[in-house]
There are 2 protein chains.
Amino acid sequence: MTRAPASRALDTTPLWLKLSSYLVLSEEEKMYLADLERTIAREPPRTDLLQQGEKYRDVRIIRDGWAIRHKALPDGRRQVVNFVLPGDIIGMYCTLFESADHSVTTLTAVEVASFPPERIGEMFRSFPRLAAALAWSGAREEAMVAERLLSLGRRTALERTAHLIVELLRRLSVVNMATDGHFVLPVTQEILADALGLSIVHINRTLRRLRDSGLIELNGQRITVNDVRQLASVGQFDELYLHLIRVPKRLERAFAGPRHQNNNKREDDDRAKA
Amino acid sequence: MTRAPASRALDTTPLWLKLSSYLVLSEEEKMYLADLERTIAREPPRTDLLQQGEKYRDVRIIRDGWAIRHKALPDGRRQVVNFVLPGDIIGMYCTLFESADHSVTTLTAVEVASFPPERIGEMFRSFPRLAAALAWSGAREEAMVAERLLSLGRRTALERTAHLIVELLRRLSVVNMATDGHFVLPVTQEILADALGLSIVHINRTLRRLRDSGLIELNGQRITVNDVRQLASVGQFDELYLHLIRVPKRLERAFAGPRHQNNNKREDDDRAKA
DNA sequence: CGTAGACTTGACACTACTCAATTGGAGTGG
DNA sequence: CCACTCCAATTGAGTAGTGTCAAGTCTACG
């Protein structure tokens with residue numbers, strides 16, 4: 001493993017921001033993370049970062065831009081499983097699975113870091129708290145998919161749409177990409193339709209209803225949520241599933257057991273900022 | 001950690017069967033697993049093993065019986081996220097999350113083992129291959145939820161239903177609970193409806209169509225799939241997402257790095273039975 | 001033999017889909 | 001600077017697929 005130079009002026013990356021909302025990372029952990037994100041590439045919009053059925057390659061971290069994780073049926077019908085935002089990880093399970101059961105495609109130009117899967121095992125051994133934070137991020141991803149399943153199964157078109165907008169707002173806030181109620185939504189209505197299990201026409205009409213009722217405003221790709229509480233209420237949004245609460249004490253007991261290969265001062269109180 | 005006595009006659013549990021379909025476990029790993037499943041309880045049907053919003057308790061392993069993992073909206077609408085079958089684990093993320101975003105309720109009488117979450121960290125340190133197999137099982141769970149999302153978003157009622165039946169058949173086969181094309185489906189139509197995002201009436205009509213077309217037979221809770229290939233074709237079922245392929249070589253490199261606290265002969269060829 | 005829960009079926013309503021036409025911008029080439 | 005093109009967004013009209021309501025029917029079981 002190569003350590004990044006101990007420069008103090010490490011930028012805060014979206015991943016660091018996200019993980020920091022969960023637990024307070026030490027300087028050493030932060031540096032290890034920065035090292036993971038060392039190999040950076042840029043990709044244009046509409047690029048496949050991963051393709052359904054293909055073998056997994058490296059693990060990737062989105063540092064900037066949007067992508068979608070989606071699955072397709074043989075006949076072309078498509079479902080967007082989730083939106084991939086800065087700070088999100090692609091192909092975390094590449095160590096466990098042979099080939100991918102979904103595709104990941106960029107919506108905008110993106111900046112992605114990549115590292116070989118072997119480093120995940122290394123991290124579990126050397127920086128268990130960091131590994132736990134990454135596991136939290138992965139588990140949260142599953143929770144989001146389950147919540148979207150609830151949307152498609154039991155929420156109406158209007159509720160689903162409202163719910164998704166609030167979810168994106170919350171997620172973007174964590175990585176400083178939403179201020180007040182507005183953010184950039186670099187997404188066509190076709191993609192929204194594929195995310196919400198609706199037709200393009202119907203998503204269009206649903207957005208119109210939300211606009212007409214004054215809950216949101218749309219100007220090009222900029223969306224403004226005028227009344228988050230009311231929108232959340234329309235979508236029956238309960239942020240429990242985002243698990244934004246700080247790390248439970250339990251975690252320390254489970255992951256920070258007998259030390260090995262690891263000498264960072266780790267007794268910082270994780271709940272200091274809670 | 002307490003080791004189970006080294007009796008050779010350890011029963012094969014469903015979890016062991018499931019994990020063995022992924023990698024060949026050593027005798028020591030098998031014994032550790034048996035020890036995890038040492039504390040056993042029985043619960044009657046319609047018991048909540050976990051409740052949405054409640055704090056997580058111990059980790060649990062289903063050894064016998066069926067349960068459902070489900071989420072509810074404030075107004076009572078409900079979505080079944082997945083079926084919990086023997087060999088499945090409940091509350092794996094209890095170390096990472098404070099409270100549960102879903103409920104787990106038994107459908108039949110069940111036999112569950114439980115162990116404190118601390119042991120997961122212990123396992124990562126002492127039996128990394130076993131931990132990896134558990135991670136595989138968890139990642140697979142997410143893949144199933146994503147596939148169901150595709151169903152609810154883009155498959156018709158008939159396709160969804162066919163898909164679910166084939167999925168259950170495949171999953172049950174792994175733990176020896178399905179022979180030829182038939183198995184016990186201890187599930188009311190209401191629950192099927194909640195799993196597939198349909199109304200009870202419509203699920204009933206859809207099952208009728210499947211029966212009338214001769215693809216399946218239903219006798220009480222016994223379901224017989226007459227033509228798996230054709231049913232899979234109706235449901236556009238592609239088992240890629242179940243990741244039933246044996247462990248990739250990559251895994252060894254990542255998880256079986258520098259040894260510590262672990263001296264079991266691990267050089268068994270994982271792909272021996274492949 | 002009576003009751004309760006699950007299953008079935010018919011009739012009808014409604015959500016969301018399809019088809020089709022139109023509008024609106026952003027880019028491109030003359 | 002103005003057609004022209006392309007793609008996304010809109011809107012209308014008609015329909016298909018599902019949901020709702022309501023009335024049975026079946027089966028298990030006390």
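Order of the sequence lines fixes the chain letters, A, B, ..., with proteins taken first and strands second; residue numbering starts at 1 for each chain. Basis for what follows: all heavy atoms, side chains included, without hydrogens, waters or symmetry-related copies. Source: prediction; values computed, not measured.
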Please give, in whole Å, the distance from [N] [atom2] to [X] [atom1]?
X      : N      : atom1 : atom2 : result
A:L158 : C:dT15 : CG    : P     : 11 Å
B:E190 : D:dG19 : CD    : P     : 14 Å
B:I191 : C:dG5  : CD1   : P     : 15 Å
A:R155 : C:dA16 : CZ    : P     : 14 Å
A:L207 : C:dA16 : CG    : P     : 14 Å
B:H202 : D:dG19 : NE2   : P     : 6 Å
A:R46  : D:dA8  : CZ    : P     : 6 Å
B:L196 : D:dG19 : CG    : C1'   : 15 Å

Can you tell me if the side-chain N/O atoms of [X] get under 4.0 Å from OP1 or OP2 in [N]?
X      : N      : answer
B:R209 : C:dT8  : no
A:Q189 : D:dT10 : yes
B:R208 : C:dT9  : yes

Could you tell me whether [X] contacts a base, only the sugar-phosphate backbone, or nothing, with contacts defined as non-hydrogen atoms closer than 4.0 Å?
X      : result
A:G220 : nothing
A:S199 : base
B:R211 : sugar-phosphate

Nearest to side-chain heavy atoms of [X], which nucleotide of [options]:
X      : options                : answer
B:V201 : C:dA16, D:dG19, C:dG10 : C:dG10
B:N204 : C:dC17, C:dA11, C:dT8  : C:dT8
A:I200 : D:dT18, D:dT10, D:dA8  : D:dT10

Notebook entry, point to check: Do the charged groups of B:R222 and B:E217 touch, with an N to O distance under 4.0 Å?
Noted result: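 Salt bridge: no.
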Check: Looking only at N and O atoms, is any donor in the side chain of B:R205 or the base of D:dG17 less than 3.5 Å from an acceptor on the other one?
Finding: no
Next item on the list: To the nearest 0.5 angstrom, please state how far the CG atom of B:D227 sits from the OG atom of B:S213.
Entry: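 So the CG of B:D227 and the OG of B:S213 are separated by 10.0 Å.
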Notebook entry, point to check: Can you find a side-chain donor-acceptor pair between B:D194 and B:H70 that sits under 3.5 Å?
Noted result: no
Next item on the list: With the side chain counted from C-beta on, respond yes when B:L150 and B:Y241 share a heavy-atom pair under 4.5 Å apart, and no when they do not.
Entry: no
Check: Which heavy-atom pair separates B:T13 from B:R63 by the least distance, and what is that distance?
Finding: CG2-NH1, 3.7 Å
Check: If you pin A:L218 and B:A157 to their nearest nucleotides in DNA chain D, which one's is more 5'?
Finding: A:L218
